[in-house]
Amino acid sequence: MLQSNYYRLLPELIPVLPDHMPEAIDVGSVVGIHGGNFFSENGERVAPVYRRKGLQDTLNLLNPVKGVLQFYVKDRTLEGIWDKRREIYTQLQEFPWQAIVAPNYSVYEDAPRIDHLYNIKRSSIVYNEMMDAGLPAVPDISWYNKIDLDQWIQEINRKNIKCIAFSFQTVGTSLRASNLYVHYLAAFKYLTERIPGETEIIVAGMVSPKRVQLLKEICKNPLSILNQSAYVHSRRGSLSETGKAPGELSKNQILLRNLAYYANAYKREV
């Protein structure tokens, strides 16, 4: 059973910055924090540089920020987090969070059903424990079939959950068949048709403006998109809108242009 949580009042675009910026930059007041870099490789502790310098200085940001921590990371890291989670909750309390998405423990298609249930349960346990620790936790909707989705729907409605996370991304090559996107989209539609329209949804693994607009056509829920593509494209020296490299702009300037492009493209069409 899930504990109730609160509206997180997140922006529509959450820029994910996985690492230190070579030049200081202002990307807004809320930033996505990549769990793969925030934790040690084995997941057993927060990376020392973050504990020593905090979010703002570690990422080299001009202004203070609140983080949205995501746990879409390798299984090895997730297992370490599970084993040392009590210590990690204490470490997480050192940081200014707007939201923390509960770990997405893998639900592999070719795994036994008992493994699915175990990993879904583990994610719920961590969510509830983070809530007990006073952290702004958000449940991650991990699932394998309609039964899992129905269980989540029941809990969201019964406990009046205000903010959830839904991932369209996968790790590895054996998770789904070739129609992953359609499969996940159908699940998202099924879920959002059965929960309150005001429930906030943090979306991972879906950054294409056309696909985000499709999500908005499917549901009325407020969506917040975790977007690392703007950063990745800028490090490659290319604009997200055109894929071209504007030679006269610095990488930071390209990043800001990319973020402005996505922010504008994500606006809900009337």
Handout entry: Lys/Arg N to Asp/Glu carboxylate O, Asp115 vs Arg122, below 4.0 Å
Key = no
Problem - Shared hydrophobic cluster for Leu223 and Tyr6 (ILVMFWY, side-chain gaps under 4.5 Å) - result: no
Handout entry: Crowding at NZ, Lys159 (>12 non-hydrogen neighbours, <6.0 Å)
Key = yes
Practice task
Tell me yes or no: between the side chains of Tyr72 and Asp140, is some donor less than 3.5 Å from an acceptor?
Solution key: yes
Handout entry: Arg85 and Glu129 ion-paired at < 4.0 Å
Key = yes
Problem - Ile25 side, atom CD1; Asn60 side, atom CG - distance, nearest 0.5 Å - result: 9.5 Å
Exercise for the section: Find out if a path of hydrophobic residues (ILVMFWY) with successive side-chain heavy-atom gaps under 4.5 Å connects Leu214 to Val203. Expected result: yes
Handout entry: Ser40 and Asn42 side chains, donor-acceptor separation under 3.5 Å
Key = yes
Handout entry: Trp143 and its ring-ring contact (aromatic ring centres under 6.0 Å, His included) partner, picked from Tyr190, Tyr184, Phe188
Key = Tyr184
Handout entry: Value rounded to 0.5 Å, distance of CG in Asn157 from OG1 in Thr199
Key = 7.5 Å
Exercise for the section: Determine yes or no for a side-chain-to-main-chain donor-acceptor pair under 3.5 angstrom, with Asp26 supplying the side chain and Leu62 the backbone. Expected result: no
Problem - CG-CG distance between Leu59 and Asn37, expressed to the nearest 0.5 angstrom - result: 9.5 Å
Exercise for the section: Report whether Tyr118 and Ile81 are members of the same hydrophobic cluster (ILVMFWY, side-chain heavy atoms less than 4.5 Å apart, transitive linking). Expected result: yes
Exercise for the section: May I ask whether Leu249 and Tyr261 are part of the same hydrophobic cluster, defined by side-chain heavy atoms of I, L, V, M, F, W, Y residues being less than 4.5 angstrom apart, directly or through others? Expected result: no
Handout entry: Gln151 CD to Asn145 CG distance, which is reported to the nearest 0.5 Å
Key = 11.5 Å
Practice task
Kindly check if the number of other-residue, nucleotide or ligand heavy atoms within 6.0 Å of NZ (Lys162) is above 12?
Solution key: yes
Practice task
Taking the side chain as every heavy atom from C-beta outward, state whether Tyr231 and Val16 have any atom pair closer than 4.5 Å.
Solution key: no
Problem - Lys/Arg N to Asp/Glu carboxylate O, Arg76 vs Glu41, below 4.0 Å - result: yes
Exercise for the section: Nearest 0.5 Å please: distance from the CD atom of Gln70 over to the CG atom of Asn104. Expected result: 10.0 Å
Handout entry: From Tyr144 atom OH to Asn119 atom CG, the distance as rounded to the nearest 0.5 Å
Key = 14.0 Å
Handout entry: Ala230 versus Leu259, closest heavy-atom pair with distance
Key = CB-CD2, 3.6 Å
Exercise for the section: Find out whether Val212 and Tyr262 are in side-chain contact, i.e. whether some heavy atom of one side chain is under 4.5 Å from a heavy atom of the other. Expected result: no
Exercise for the section: Give a yes or no answer on whether the side chain of Gln98 reaches the backbone of Val68 with a donor-acceptor pair at less than 3.5 Å. Expected result: no
Handout entry: Phe38 ring center within less than 6.0 Å of Trp97 ring center
Key = yes
Exercise for the section: Keeping the roles fixed (side chain from Asn221, backbone from Ile201), state whether a donor-acceptor pair exists under 3.5 Å. Expected result: no
Problem - Short side-chain to backbone donor-acceptor contact, Tyr181 and Phe168, under 3.5 Å - result: no
